[in-house]
Amino acid sequence: MPELPEVEVVRRGVERWVVGRMVESVQVFDARSLRRHTAGVLDFQERLAGLTVDSAQRRGKFLWLPLRDGAEAEPARSLLVHLGMSGQLLVASEDQPAPRHERIRLGLSPSASETGEPLPEQARFVDQRIFGGMLLDPLVPSTDGHGLVPEHAAHIARDPLDPLFDVAAFHAALRRRRTGLKRALLDQGLISGIGNIYADEALWAARLHWAAPTETMTAPRTRELVAACQEVMRRALDAGGTSFDSLYVNVNGESGYFARSLNAYGREGLPCPRCEAAGEDGVIVREKFANRSSYRCSRCQKRPRRFRP
DNA sequence: TATCGGGCCTGTAGGC
DNA sequence: TGCCTACAGGCCCGAT
């Protein structure tokens with residue numbers, strides 16, 4: 001499932017393979033992947049073709065490619081990409097067979113690597129469940145005054161790996177909320193990039209229960225939680241992301257290995273690794289949370305007296 | 001205004 | 001074998 005580390009892996013791939021190249025053609029195989037581009041498929045195709053990819057940017061799980069028209073000094077719009085829960089952005093050569101669930105294909109201008117090898121001519125957006133999508137979006141000033149962001153991503157908070165992420169501001173916002181910790185971690189307007197998997201992993205690392213009330217957090221506990229988020233995501237990034245199946249791959253179609261390093265998520269009934277190492281008997285339990293699952297250790301992530309499910 | 005829950009989607013697994 | 005149901009989950013929007 002693409003969360004921040006997976007999207008960052010894809011961003012790096014796009015930076016290496018796609019930046020600096022012109023979009024020469026746009027094929028749309030499934031209009032549902034352009035659901036958020038309200039002007040429609042034709043508008044998307046006509047306006048995107050002929051623009052050059054200036055860079056590859058990311059905030060949380062949103063990835064965007066600022067686009068430059070030949071005569072422009074600065075990009076004024078971007079191709080905003082969200083992978084949803086099954087989206088992939090693959091680079092491929094024309095002779096490679098079309099993958100199943102390919103929704104959008106971009107033909108790229110010819111280019112060569114440093115060694116003179118020709119680069120793949122296509123970028124393919126593949127999305128089995130169509131929760132993700134693309135849109136052409138104007139770039140607007142970020143609400144914190146630093147840089148430009150696509151209009152549709154302007155409401156997204158900075159993520160914990162962003163050098164400009166403000167822990168004190170996050171703590172203050174957390175204290176103002178009247179909800180449970182996990183719900184807050186999944187709120188992309190509060191802190192971005194965290195999905196169900198890394199929320200469980202970060203809460204496990206910080207020994208916090210998912211339903212602990214946000215208003216009970218102290219500043220040191222918030223710092224510990226943010227540090228846990230950063231640590232979990234950095235390790236996932238080093239491993240190339242989390243792959244449970246073929247739903248997440250990098251731009252070259254390769255899977256990541258972080259799933260092997262998960263401590264809580266998906267480990268129902270197994271011993272808690274931390275408790276096991278200490279000779280204790282904690283077990284990972286699975287609980288219903290907002291129509292999905294939450295995993296925690298029965299012993300070191302005890303249910304708080306006050307509880308906000 | 002803040003919070004919550006349902007809908008969007010498809011493939012897979014499991015039960016019958 | 002084939003049908004049905006539950007489940008996975010990020011984001012958006014309407015309801016409370």
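Below, chain A is the first sequence line, B the second, and so on; all start at residue 1. Computation of the quantities below employed the complete heavy-atom set of this structure, encompassing side-chain atoms and omitting hydrogens, waters and symmetry-equivalent molecules.
- For the pair A:His101 and B:dC9, the criterion of a side-chain N or O lying under 4.0 Å from OP1 or OP2 is not met.
- Two residues, A:Asp30 and A:Arg178, neighbour DNA chain B, and the one matched to the more 5' nucleotide by heavy-atom proximity is A:Arg178.
- The distance from atom CG of A:Asn196 to atom P of C:dG10 is 6 Å, rounded to the nearest whole Å.
- When rounded to the nearest whole Å, the span between CG of A:Asp127 and C1' of C:dG10 equals 11 Å.
- Residue A:Arg35 places at least one side-chain N or O closer than 4.0 Å to OP1 or OP2 of B:dC9.
- In this structure, A:Glu8 pairs ionically with A:Arg58, as a charged nitrogen and a carboxylate oxygen lie closer than 4.0 Å.
- Taking for each of A:Arg183 and A:Arg292 the nucleotide of DNA chain B with the nearest heavy atom, the 5'-most of the two is the partner of A:Arg183.
- Listed candidates were C:dA8, C:dC11, B:dT3. Nearest to the side chain of A:Thr179 is B:dT3.
- Here the P atom of nucleotide B:dT10 and the CZ atom of A:Phe29 are 17 Å apart, to the nearest Å.
- A salt bridge links A:Glu287 with A:Arg296: at least one charged nitrogen is closer than 4.0 Å to a carboxylate oxygen.
- Here A:Arg100 reaches the OP1 or OP2 of B:dG11: one of its side-chain N or O atoms lies under 4.0 Å away.
- A:Ile130 has its CD1 atom 14 Å from the C1' atom of B:dG7, to the nearest Å.
- A:His155 comes within 4.0 angstrom of the backbone, heavy atoms only, and of no base.
- Out of B:dC4, C:dC11, C:dC7, the shortest distance to the side chain of A:His82 is found at C:dC11.
- Between A:Arg129 and C:dC11 there is no side-chain polar atom (N or O) within less than 4.0 angstrom of OP1 or OP2.
- At whole-Å resolution of the value, CZ in A:Arg175 and C1' in B:dA2 are 18 Å apart.
- Under a hydrophobic clustering in which Ile, Leu, Val, Met, Phe, Trp and Tyr are joined whenever their side-chain heavy atoms come within less than 4.5 Å, directly or via other members, A:Leu225 and A:Leu186 fall into the same cluster.
- A salt bridge does not link A:Asp127 with A:Arg103: none of the charged nitrogens is closer than 4.0 Å to a carboxylate oxygen.
- The residues A:Arg11 and A:Glu6 are annotated as not salt-bridged, no charged nitrogen and carboxylate oxygen being separated by less than 4.0 angstrom.
- Distance, A:Asp187 CG to C:dG10 C1': 12 Å, rounded to whole Å.
- A:Phe62 comes within 4.0 angstrom of the backbone, heavy atoms only, and of no base.
- Proximity of A:Gln128 to the phosphate of B:dC9: no side-chain N or O atom is located under 4.0 Å from OP1 or OP2.
- Contact annotation: A:Ser293 reaches the phosphate of C:dA8 (side-chain N/O to OP1 or OP2, under 4.0 Å).
- In this structure, the CZ atom of A:Arg103 is 17 Å from the P atom of B:dC8, given to the nearest Å.
- Residue A:Arg32 places its side chain closer to B:dT10 than to any other of B:dT10, C:dA8, C:dC11.
- For the pair A:Arg176 CZ and B:dT3 P, the computed distance is 10 Å after rounding to whole Å.
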task = Show your working on salt bridge (Lys or Arg N to Asp or Glu O under 4.0 Å) between A:Asp144 and A:Arg158 and close with a plain yes or no.
result = CA-CA 10 Å; A:Asp144 59 12; A:Arg158 289 191 182 271; 2.5 Å; yes

